[in-house]
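For the numbers below, each heavy atom of this structure counts, side chains included, while hydrogens, waters and symmetry mates do not. Because the structure is a prediction, the values reported are computed rather than measured. So that the names make sense, note that chain A is the first sequence line, chain B the second, and so on, each numbered from 1.
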2 protein chains.
Amino acid sequence: MARRPKGPVSDTRGRILDVAEGLAQHRGFNGFSYADIAGEMGITTASLHYHFAGKAELGRSLIERYAERFAQKLEEIDATSPDARARLEAYAGLYAALLEQGRFCLCGVLAAEYETLPKPMRDAVTGFFDKNEVWLIQVLELGKAQGALQFSGAAADAARMIVAGLEGAMLVARPYGEVARFKAAAVQLLAGLARTVPAQPQAG
Amino acid sequence: MARRPKGPVSDTRGRILDVAEGLAQHRGFNGFSYADIAGEMGITTASLHYHFAGKAELGRSLIERYAERFAQKLEEIDATSPDARARLEAYAGLYAALLEQGRFCLCGVLAAEYETLPKPMRDAVTGFFDKNEVWLIQVLELGKAQGALQFSGAAADAARMIVAGLEGAMLVARPYGEVARFKAAAVQLLAGLARTVPAQPQAG
DNA sequence: GTCTATAGGCAGATAGAC
DNA sequence: GTCTATCTGCCTATAGAC
């Protein structure tokens, strides 16, 4: 498993996706053009059309590669951290790492312009969130069984709150250009799930 | 106070803003054009330019009106709910009401395309979030004093988590078109701040 | 695979009549 | 205040040479 469908055949395709991903993360899908990609790469827009029939197809590939890589990182977390709480922190760490690279969650950005996206891209975006949710549910249920995590209600609701909280923290941190804003919100968010709270141990 | 700078002089200006606001919320600022507004209103783009010199100025007016109205609603909450927890719930209710009208937070959408926005719009967006934060800090500190709310760390961090959580819940609910998704996440979020938790009273 | 050249459409914006 | 007419520039996309 984990074998790549495409080898490093020409890798122009990959470099196009690299550039496009950065542009999409920073400017949104409606905020960049083929000319922007071509300009940054030193090629022409006609060349881009050789690799991707149109912007819609490029966009779909963009999300699919992004989601694939994200899923790989989740697998790595599973393999590295047996503890549910550590897994959650590593999960938040994926978002923080993005911000520290001066990037943002591609699907968070695309969610904001969801209605303008071509259908294949829309499906890929929800697919990404669905996968995140499934993974988080499994972590949350493990954590509950381990006695390391607590939450009221269904694991699915808690999972959605985590995705929402992290995506939102990233979204709001963006205008300020402050990674610290994201981190403070993330800590605050996960603190609500930790069973042993370090702060005021107010026995009722 | 609270006197409007402009009376209902011609109100074409206001109707333009109404239409543009809906378009911006649904498609993002880069996802609609003067032609879209004009088409929806049954006028021409030249007429739009009479009321707003350019799209940048229109955008700035859009945010300013939005922020003004939001601030008014916060004042109404202050006047209506003396209790801090009720205020927080009313605050989340503002977001829920937007979604139920099939709308989204204008500034949340704009935050996602922040880097592409003209400078005056960027300042207006951060101004909106700043105002939210200031209001929330005051509510959180009141709640702490009342003994109705609890949170670890600074009130400012908790405030930012609330804004992030609600904006994120709205963002992620959007691709699914499910208001319930937002509400579940919001409840989950505020539950972490309530001092008396209704769920498992697990005395440790 | 990459190029030049170009099509056809839409963007934001302006001049000037009414 | 709203219109017609028009400009310039950028957009995605294609044809066809190399």
From C-beta outward on [X], which listed nucleotide comes closest to its side chain: [options]?
X	options	result
Ala46(B)	dT4(D), dT2(C), dT12(D)	dT4(D)
Ile43(B)	dT12(D), dC3(D), dG12(C)	dC3(D)
His49(A)	dA13(C), dG1(D), dT12(D)	dT12(D)

Quick one: are Leu106(A) and Val125(A) in side-chain contact, heavy atoms under 4.5 Å?
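The answer is no; the side chains never approach within 4.5 Å.
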State, with a plain yes or no, whether a side-chain heavy atom of Glu113(B) is found less than 4.5 Å away from one of Arg27(A).
no
Report the distance from atom [atom1] of [X] to atom [atom2] of [N], rounded to the nearest whole Å.
X	N	atom1	atom2	value
Arg15(A)	dG1(C)	CZ	P	12 Å
Asn30(A)	dC10(C)	CG	P	16 Å
Arg27(B)	dC10(C)	CZ	P	13 Å
Phe29(B)	dG12(C)	CZ	P	8 Å
Phe52(A)	dT12(D)	CZ	C1'	16 Å
Glu57(B)	dA13(C)	CD	C1'	13 Å
Tyr34(B)	dG9(C)	OH	P	25 Å
Leu58(A)	dC11(D)	CG	P	15 Å

Just how far is it from atom CE of Met161(A) to atom CZ of Phe151(A), taken to the nearest 0.5 Å?
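Separation between the atoms: 10.0 Å.
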Contact class for Phe32(B) vs. all strands (heavy atom < 4.0 Å): base, sugar-phosphate, or nothing?
sugar-phosphate
Have a look at Tyr50(A) and say if it touches a base, only the backbone sugar-phosphate, or nothing, with a 4.0 Å heavy-atom cut-off.
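The residue Tyr50(A) makes base contact.
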Looking only at heavy atoms, what is the nearest atom pair of Ala158(A) and Leu140(A), with distance?
CB-CD1, 3.7 Å
Closest approach of Val19(B) to Met41(B) (non-hydrogen atoms, all atoms of both residues)
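Reported closest heavy-atom pair: CG2-CG, 3.7 Å.
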For Asp36(A) and for Ala53(A), find the nucleotide of DNA chain D with the closest heavy atom, then tell me which residue's nucleotide is more 5'.
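Per heavy-atom nearest nucleotide, the more 5' residue is Asp36(A).
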Does [N] have OP1 or OP2 under 4.0 Å away from a side-chain N or O of [X]?
X	N	result
Thr44(A)	dT2(C)	no
Ser47(B)	dG1(D)	no
Ser33(A)	dC11(D)	yes
Thr12(A)	dG1(C)	no

